[in-house]
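Inspection log for the structure reproduced underneath, given as structure tokens.
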Amino acid sequence: MPNTPTSPESLAIESGTPQQHREPFARLLHAHPETAFDYLEFRRLLAGQITAFAAERGSEEDMVRLQQRMQELEDAHSLDDPAQEAAADAAFHQAVYQMAGNAIMTHVMGTLFHMLKDGVFYDRSDLYLRRGVRDGFMRQHRAIYAAIVARNPEAARAAADAHIASTAEALREAQRADQRREVSVRRMEGLALTQKPRGEE
């Protein structure tokens, strides 16, 4: 029986790896938080080239779809809803990857984004709660969008690379803040244990 061609869109919807194979892998990654940076490093290898391809190869229909995703991202940003903005962020990037016209790249990135939306690598909504992160991400998405619609592959590549680098730095800062908070909590708990309750002095 001949193979039926599979469109990039259907590959993105299927999100690649079958669920029975994907879930153990996801659990393994979730148990090791440092893999978030492995994910970002791998994504950086592909994202710049895919975004450049999108600028080169995107059809007029693709451009219309990307414009819709960009408007949804702008709308979510104006609502100040981190969860909705994180979802619109993912939809925007998936639209970009589908424009690249490479089924394998779309398949791989679709799988990664499915895992990202499930919180396997890190909590994207939490990043959007960090001061300055939302506005920074919005500027970067606008730069990616502008480069693609201008059909400027090099600008698109540079904008995508800058976005991944910014995401990695935001994640590092979030982890540092969480570690400082944990140290502070342990310090306070230690002080509480060493203090005698009133009436026992």
Side-chain angles (χ1 to χ4, degrees), residues 6-16 39-40 42-130 133-168 170-171:
T6 304
S7 69
E9 291 80 0
S10 63
L11 284 171
I13 291 170
E14 293 171 2
S15 299
Y39 156 74
L40 288 170
F42 178 77
R43 184 176 162 193
R44 191 170 187 177
L45 288 173
L46 288 183
Q49 185 59 59
I50 292 176
T51 308
F53 280 159
E56 290 178 349
R57 302 174 177 177
S59 66
E60 292 306 313
E61 292 79 6
D62 289 330
M63 293 295 179
V64 170
R65 187 180 304 111
L66 185 65
Q67 182 182 27
Q68 292 171 343
R69 299 292 86 79
M70 187 68 207
Q71 187 59 56
E72 290 167 1
L73 187 54
E74 294 277 8
D75 292 344
H77 184 72
S78 67
L79 292 173
D80 196 15
D81 182 336
Q84 185 172 338
E85 190 165 0
D89 177 333
F92 172 82
H93 285 291
Q94 286 182 313
V96 171
Y97 297 149
Q98 290 172 17
M99 293 175 71
N102 185 302
I104 300 300
M105 286 183 172
T106 304
H107 175 77
V108 170
M109 297 309 292
T111 300
L112 291 175
F113 261 83
H114 182 94
M115 297 169 70
L116 182 63
K117 287 190 289 186
D118 286 349
V120 170
F121 301 113
Y122 55 87
D123 185 346
R124 295 164 64 250
S125 297
D126 179 66
L127 283 187
Y128 272 99
L129 292 171
R130 306 283 171 173
V133 170
R134 291 178 63 248
D135 290 340
F137 282 179
M138 194 69 242
R139 287 192 297 271
Q140 293 150 23
H141 289 130
R142 287 169 181 153
I144 292 170
Y145 173 75
I148 291 174
V149 298
R151 296 196 179 278
N152 186 330
E154 290 310 311
R157 186 196 310 276
D161 285 346
H163 178 54
I164 303 302
S166 178
T167 302
L171 183 58

Minimum side-chain heavy-atom gap Phe42-Val108 below 4.5 Å: yes
Flag the pair Met99 / Phe53 as yes when at least one side-chain heavy-atom distance between them is below 4.5 Å, and no otherwise. no
Closest heavy-atom contact between Ala76 and Ala88? CB-CB, 4.2 Å
Value for NE2 (His77) from CZ (Arg139), rounded to nearest 0.5 Å, stands at 8.5 Å
Distance check, rounded to the nearest 0.5 Å: Ile164 atom CD1 versus Leu46 atom CG? 10.0 Å
Asp89 side chain vs Ala86 backbone, donor-acceptor pair below 3.5 Å: no
Taking Asn102's backbone N and O only, do any of them form a donor-acceptor pair with Thr106's side chain (distance below 3.5 Å, no angle check)? yes
Indicate yes or no for a side-chain donor-acceptor contact from Arg43 to the backbone of Met109 under 3.5 Å, with no hydrogens or angles considered. no
Find out whether Glu72 and Arg69 are in side-chain contact, i.e. whether some heavy atom of one side chain is under 4.5 Å from a heavy atom of the other. yes
To the nearest 0.5 Å, what is the distance between CG on Asp135 and CD on Gln140? 10.5 Å
Heavy atoms only: give me the nearest Ala160-Ala47 pair and the separation to one decimal. CB-O, 3.9 Å
Which value, rounded to the nearest 0.5 Å, describes the distance between Met105 atom CE and Gln49 atom CD? 5.5 Å
Is the shortest heavy-atom distance from the side chain of Arg134 to the side chain of Asp80 under 4.5 Å? yes
Measuring only between side-chain heavy atoms, which start at C-beta, is Glu85 closer than 4.5 Å to Leu79? no
Correct closest heavy-atom pair for Pro153 and Ala52 would be O-CB, 3.6 Å
Note: Val96 and Ile50 closest approach over all heavy atoms is O-CG2, 4.4 Å
Of all heavy-atom pairs between Ala168 and Leu40, which one has the smallest distance, and what is that distance? CA-CD1, 3.6 Å
Test log, rule side chain to side chain contact (heavy atoms under 4.5 Å, CB included), inputs Glu60 and Val64: CA-CA 6 Å; Glu60 292 306 313; Val64 170; 5.7 Å; no
Look up atom CG in Leu112 and atom NE2 in His93, then write down how far apart they are to the nearest 0.5 Å. 13.0 Å
Show your reasoning for whether side-chain hydrogen bond (donor to acceptor under 3.5 Å, both in side chains) applies to Asp75 and Ser78. CA-CA 5 Å; Asp75 292 344; Ser78 67; 5.0 Å; no
Carefully, step by step, assess Leu73 and Tyr145 under the rule side chain to side chain contact (heavy atoms under 4.5 Å, CB included). CA-CA 11 Å; Leu73 187 54; Tyr145 173 75; over 6 Å; no
pair Met63-Val149: side-chain heavy atoms closer than 4.5 Å: yes
Closest heavy-atom pair and its distance - Val133, Ala170: CG2-CB, 4.1 Å
So do the side chains of Asp161 and Arg44 get within less than 4.5 Å of each other, counting heavy atoms only? yes
Indicate yes or no: at least one non-hydrogen side-chain atom of Met138 is less than 4.5 angstrom from one of Glu74. yes
